[in-house]
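Structure record follows, encoded as structure tokens.
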Amino acid sequence: KQHKLKIMTFDTCQGEERDIILYSMVANPASDKLGWAFIKNINTIEPEESGQIKLQRLNVGFSRAKEQMHFFLSKPIYDFNGSIGEALQHYQKTLENARKLPDANSTDDRSPMERKVLHWIQATIFFKTNQSTLELQAQFPLGESIKQLDKHYSHPLYVCDFLLIYTDEDKKQHKIVIEYDGFEYHFKADSSINEFYYTDQHIYREKVLESYGYNFIRINRFNVGKEPVETLNRRLFDLVKKRPI
């Protein structure tokens, strides 16, 4: 009670929710009893004895955590069989993918808005549904990368805020530069300033990178909309010509 801890089994946690849940998946390597408690194959529910109950137990047990899940294992993940093995491998892959993504520390310290843009990108339906087939990098040295591929590249070594590369069902790559445009560096000083008054330098930069097959999504105070995540999500789907279902 002092530490507000509660010990439950997969059968007694129905209706419970906790910020942090610790899962004990300790099993004897020689005699794994977890297969008795959980369904062996999700695709063959009916033939298995109490298959529906075992499937429900799995679903309820893994949907109780609101913030964090920690697993304590007694053997390597790939030694676990059945649905428990599949679930553990799923969470391991999710964690590995998350570690590959840029975080707030990857953005430019001089541009606080970049942290918000990173959050917006990762919160879109586009990003969440296509995460396994896309790459996202912050502060990517795009000019340097192009120069390595094209020895005739003679333009500045541009760095972009974010580079998102999405591979669609037809194995076509969509290379998208996402940038937040602040007034100080991107717009002309003019009393009638608006979204079309980019500096000549930035227009030139965009045209150069577009010539190498990179598409642009420019975000600024004029086009971010009242719901930045929804606005960005729509623009991403429009750019790859793929509407969400």
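Just so it is clear, the model here is predicted, and its values are computed rather than measured.
How far CD1 of Ile125 is from CG of Leu236: 11.5 Å, rounded to the nearest 0.5 Å. Note: Asp161 CG to Thr107 OG1 = 9.0 Å, rounded to the nearest 0.5 Å. Between atom NZ of residue Lys147 and atom NE2 of residue His152 there is a gap of 10.5 Å, rounded to the nearest 0.5 Å.
Ring to ring, Phe162 and Tyr180 are not that close: their centroids are 6.0 angstrom or more apart. The ring of Tyr91 has its center closer than 6.0 angstrom to the ring center of Phe71.
Counting heavy atoms from C-beta on, the side chains of Phe80 and Met25 come closer than 4.5 Å. Side-chain contact between Asn220 and Val224 is absent, with no heavy atoms from C-beta onward closer than 4.5 Å. Using a 4.5 Å cut-off on side-chain heavy atoms (C-beta onward), Asn105 and Arg115 make contact. The shortest side-chain heavy-atom distance between Ile219 and Ile217 falls under the 4.5 Å cut-off.
No donor-acceptor pair closer than 3.5 Å links the side chain of Arg235 to the backbone N or O of Thr231. Using modelled atom types, one side-chain atom of Asp168 and one backbone atom of Asp170 make a donor-acceptor pair closer than 3.5 Å.
Applying the salt bridge (Lys or Arg N to Asp or Glu O under 4.0 Å) test to Asp150 and every residue at least two apart in sequence or in another chain returns nothing. Here Lys116 pairs with nothing under the salt bridge (Lys or Arg N to Asp or Glu O under 4.0 Å) rule; sequence neighbours left out. Applying the salt bridge (Lys or Arg N to Asp or Glu O under 4.0 Å) criterion to Asp108, with sequence neighbours excluded, gives Arg110. Residues passing the salt bridge (Lys or Arg N to Asp or Glu O under 4.0 Å) test with Lys175, sequence neighbours excluded: none.
The number of heavy atoms from other shown groups lying within 6.0 Å of CG (Leu149) is above 12.
Grouped by direct or indirect side-chain proximity (heavy atoms under 4.5 Å, Ile/Leu/Val/Met/Phe/Trp/Tyr only), Tyr212 sits with Phe140, Leu142, Ile146, Tyr153, Leu157, Tyr158, Leu163, Ile165, Val177, Tyr204, Val208, Leu209, Tyr214, Phe216.
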Legend entry - side-chain hydrogen bond (donor to acceptor under 3.5 Å, both in side chains) between Gln139 and Glu114, intermediate numbers included: CA-CA 10 Å; Gln139 289 297 300; Glu114 283 190 25; 3.1 Å; yes
Inset, instruction - Evaluate the side-chain hydrogen bond (donor to acceptor under 3.5 Å, both in side chains) criterion for residues His174 and Asn215: first the C-alpha distance (whole Å), next the side-chain angles of each, then the deciding distance (0.1 Å), finally the verdict. - result: CA-CA 8 Å; His174 302 263; Asn215 294 306; 5.4 Å; no
Inset, instruction - Apply the test side-chain hydrogen bond (donor to acceptor under 3.5 Å, both in side chains) to residues His70 and Gln68: give CA-CA distance (whole Å), side-chain angles for both, the deciding distance (0.1 Å), then the verdict. - result: CA-CA 7 Å; His70 297 267; Gln68 296 181 29; 2.9 Å; yes
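The salt bridge (Lys or Arg N to Asp or Glu O under 4.0 Å) contacts involving residues 12-27 comprise Lys6-Glu16, Glu16-Arg18, Asp19-Lys66, where partners must be two or more places apart or lie in separate chains.
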